[in-house]
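Written below as structure tokens is the structure these notes are about.
Both backbone and side-chain heavy atoms feed into the values below; hydrogens, waters and symmetry mates do not. Counting starts at 1 for both ligands and their atoms, following the listed order.
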Amino acid sequence: MLEDADFIKSCDVPGPTKEAIRAIILYKSDVNETDKVVDVGCGTGGITCEFAQRAKEVISIDINPEAIEITQKNLKKFGLGDNVTLINGDGADALENVDEIDIAIVGGSGKKLEDILELIDSKLNSKGRIIVTAILVDTKVEAVNKLKELNYNPSIMEVNISKGRVLDRGIMMMSENPIAIISAKKR
Ligand code: SAH
């Protein structure tokens with residue numbers, strides 16, 4: 001796993017998704033070296049960089065040009081990127097030109113989550129996996145409901161990680177952002 005502190009960050013781009021969350025996403029995705037992965041809303045590239053090391057191909061999309069620049073810089077920093085295509089655009093448009101997806105991660109969608117999930121569903125291979133990360137309660141509900149409507153059986157996991165800061169007096173646990181990981185498999 002890459003370390004959070006090693007990522008290049010920007011105040012205008014959210015991320016990276018924390019290491020422990022990335023680890024759960026990797027495990028839930030069941031990624032292997034033949035998989036084609038899309039990362040919709042790649043932000044700083046936290047998820048992209050992990051999948052680039054484990055999948056055959058990664059297509060990373062973000063509506064914010066600065067996110068694409070930072071993802072590119074992080075890939076370079078970690079010596080990755082040969083199997084990664086970066087697309088600056090709205091996921092709801094960019095996905096039109098992508099097919100045969102094995103794993104789709106949705107880390108950002110604006111108000112387009114339903115459209116994005118529909119598109120992913122239409123492009124997902126049999127046995128494909130969809131993972132949505134959501135911070136807003138509304139996004140969690142929307143993701144679960146849309147996946148149900150598309151005939152998936154989604155699971156939702158709320159993750160609260162606290163990390164210890166070692167002080168002279170003892171160890172202080174500092175909580176990180178709670179986030180939900182919603183995952184589903186094509187059946
Ligand atoms: N997983 C990322 C963080 C994602 S933050 C990491 O580890 O760094 C969410 C991102 O989604 C933001 O960069 C935002 O620009 C992007 N986003 C929001 N709506 C989008 C859309 N409709 N299409 C593509 N990207 C979108």
Review item, side-chain donor-acceptor pairs of residues 48-55, under 3.5 Å, at least two apart:
residue, atom, partner, partner atom, Å
Thr48, OG1, Asp39, OD2, 2.6
Thr48, OG1, Ser60, OG, 2.8
Glu50, OE1, Arg54, NH1, 2.9
Glu50, OE2, Leu2, N, 3.2
Glu50, OE2, Arg22, NE, 2.9
Glu50, OE2, Arg22, NH2, 3.2
Gln53, NE2, Cys49, O, 3.3
Arg54, NH1, Glu50, O, 2.9

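- Under a 4.5 Å side-chain heavy-atom cut-off, the cluster of Ile, Leu, Val, Met, Phe, Trp and Tyr residues that includes Val98 is completed by Val38, Val40, Ile59, Ile61, Ile87, Leu95, Ile101, Val106, Leu113, Ile116, Leu117, Leu119, Ile120, Leu124, Ile130, Val132, Val144, Leu147, Leu150, Tyr152, Ile156, Ile182.
- Taking CD1 of Ile179 as the reference point, atom OG1 of Thr133 lies at 4.5 Å (rounded to 0.5 Å).
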Measure and list all N/O to N/O distances between ligand 1 and the protein that fall under 3.5 angstrom.
residue, atom, partner, partner atom, Å
ligand 1, 1 (N), Thr17, OG1, 3.0
ligand 1, 7 (O), Thr17, N, 2.8
ligand 1, 7 (O), Thr17, OG1, 2.9
ligand 1, 7 (O), Gly46, N, 3.3
ligand 1, 8 (O), Cys42, O, 3.4
ligand 1, 8 (O), Thr44, N, 2.9
ligand 1, 8 (O), Thr44, OG1, 2.6
ligand 1, 13 (O), Asp62, OD1, 3.3
ligand 1, 13 (O), Asp62, OD2, 2.7
ligand 1, 15 (O), Asp62, OD1, 2.6
ligand 1, 19 (N), Ser109, N, 3.4
ligand 1, 19 (N), Gly110, N, 3.0
ligand 1, 22 (N), Asp90, OD1, 3.1
ligand 1, 22 (N), Ser109, O, 3.2
ligand 1, 23 (N), Gly91, N, 2.8
ligand 1, 25 (N), Ile63, N, 3.2

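- Using a 4.5 Å heavy-atom cutoff, the side chains of Lys186 and Asp121 are in contact.
- Side-chain contact between Ser10 and Glu69 is absent, with no heavy atoms from C-beta onward closer than 4.5 Å.
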Side-chain atoms of residues 157-167: list all donor-acceptor pairs with protein atoms under 3.5 Å, sequence neighbours left out, distances to 0.1 Å.
residue, atom, partner, partner atom, Å
Glu158, OE1, Lys140, NZ, 3.0
Glu158, OE2, Lys140, NZ, 3.2

